[in-house]
Protein chains: 2
Amino acid sequence: MNKRNLQKQRIMRFFIDAAKEIIKTEGIKNITARRVGETAGYSYATIYNYFKDMNTLLTYCAFDFLEDCYEHVITFKDDKWDCKEQLIIYNIEFFKYFAENPEIFKLVYLEDLGKIPEELSKRPSISRLILDNLNESSKKGYLQKNSIDLLLELMGASIHGKLLFYLNRPNENQDLDFVLQVIEKEIEFLLNNNEVKNYE
Amino acid sequence: MNKRNLQKQRIMRFFIDAAKEIIKTEGIKNITARRVGETAGYSYATIYNYFKDMNTLLTYCAFDFLEDCYEHVITFKDDKWDCKEQLIIYNIEFFKYFAENPEIFKLVYLEDLGKIPEELSKRPSISRLILDNLNESSKKGYLQKNSIDLLLELMGASIHGKLLFYLNRPNENQDLDFVLQVIEKEIEFLLNNNEVKNYE
DNA sequence: TAATTTTATTAACATTGTTAAGTATATTAT
DNA sequence: ATAATATACTTAACAATGTTAATAAAATTA
């Protein structure tokens, strides 16, 4: 019976959207089953008819946010850019998305969500976007082909590490624009220094 | 009255050690005021005579663990190593410390500890250790002097990002030895590719 | 319309961090 | 040494939380 399923998906969506809204405004620490229920227009206990527990609901939110992030970044894809510039833009916009939504970062990357439902694991990923770019950059001679994997891993780890420091170290109080500049410089450093020497 | 203070420090230590033990064994999610009190040999309410709240106690634990981590890493300092090898060893041992103690990583880097008491902010830091090494590596010609800051930042962000993925992605189930190899390769990549050309 | 299944709510429970009130212990003054 | 006082600790209580069970309401089917 497919109608059943559609209706179920819709109600789930109410709860997910309610939870996302609360996370963005009140923060991950202040989300409660009761608040989600109220915002969604249901009793708090109804959540448990649709999600095993709060953690499961939060996991849905996390993957939803990841998709939102992808949508944000892909907005800045433009063929007018040279692929090195494009790579920098991807990284900067990715960083900005979470820098402007600290609570989303906390949910997606810092929260212990436990086992992830398989259905959620396969979605369009930014990692793929960067990989494609690195392949193109390699063709253009910005880096050696056998460095692609290493650079993908290195850039990914680095930008997440930076976000971790930027968002979880209230004392240090880093300036966003400065961090963005550092990101740009690092990427230029990584590509320039591994440029294929054509004259060899 | 200094005796008072000494006694106070001692009781605080009981609670801190109790909390650290619980975090290591039961995990950060399963620590409760009541358990800490019991393990320390006091009532749970006594904690509040020594710490403003649980978060403050956890913050003390976090900085204590950071010191333990430093102690662990410094163990592997040895003049027999070339400074590039030494740099790899520092990074690998740092990674291993948290890889073997996931709950410590969660507390130190992922937990939202709020404002950090000033007294805790100044401790021997691994970042300093790496910086010294990079300066030495630069003298030996493994990298250019004006790349030191960038590499320090890049390596630091990268290794924390890797830890984040390694410890918070139970589905992906990465192999520790493989990650350690990647770390080694990345450092070699970063130093080799920026070697100062002496013949220029 | 009656019977049944599905969906949602209310009430209750155990656990949590934290506080206030009270009790024991140690310190000081006489 | 004993009374007065300050310090250290505990017990009891509170409100908030996630979750479940019992119950009511609504929708579907017969």
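In the text below, chain A, chain B and the rest are named by the order of the sequence lines, each starting its count at 1.
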TODO: Check the side chains of A:Asn49 and A:Thr46 for a donor-acceptor pair under 3.5 angstrom, ignoring hydrogens and angles.
DONE: no
TODO: Only pairs at least two apart or in different chains count here, so list each salt bridge (charged side-chain N to carboxylate O under 4.0 Å, His left out) that has a residue in residues 40-50 of chain B.
DONE: none
Open item on the list: Taking any heavy-atom pair under 4.0 Å as a contact, classify A:Tyr50: base, sugar-phosphate, or nothing.
Closed with: sugar-phosphate
Task: Interatomic distance where OH belongs to B:Tyr42 and C1' belongs to D:dA8 [whole Å] - done: 9 Å
TODO: Please state how far atom CD1 in A:Ile11 lies from atom P in D:dA27, giving the value in whole angstrom units.
DONE: 12 Å
- [ ] Decide whether a cation-pi geometry holds between A:Lys20 and A:Phe65; the criteria are a distance under 6.0 Å from NZ or CZ to the six-membered ring centre and an angle within 45° of the ring axis.
- [x] yes
Open item on the list: Could you check whether the side chain of B:Asn49 and the base of D:dA8 have a donor-acceptor pair of N or O atoms closer than 3.5 Å, going by distance alone?
Closed with: no
Open item on the list: Ignoring hydrogens and geometry beyond distance, is a side-chain donor-acceptor pair present between A:Thr56 and A:Asp53 at under 3.5 Å?
Closed with: yes
- [ ] Give the rounded distance in Å between these two atoms: CG of B:Asn5 and P of D:dT7.
- [x] 14 Å
Open item on the list: I want to know whether B:Phe98 and B:Phe94 have ring centres closer than 6.0 Å.
Closed with: yes
Task: Contact state string [nucleotides 15-26 of chain D, B base, S sugar-phosphate only, - no protein heavy atom under 4.0 Å] - done: --SBBB------
TODO: Find the distance B:Ile47:CD1 to D:dT11:P and express it as a whole number of Å.
DONE: 14 Å
Task: Phosphate-side-chain proximity, A:Thr46 and C:dT9, N/O vs OP1/OP2 below 4.0 Å - done: yes
Task: Separation of atom CD in B:Gln7 from atom P in D:dA8, rounded to whole Å - done: 8 Å
TODO: To the nearest Å, give me how far apart CZ (B:Phe51) and P (C:dT19) are.
DONE: 15 Å
Task: Value in whole Å for how far the C1' atom of D:dT10 lies from CD of B:Glu38 - done: 15 Å
Task: Centroid separation A:Tyr60 to A:Phe15 less than 6.0 Å - done: no
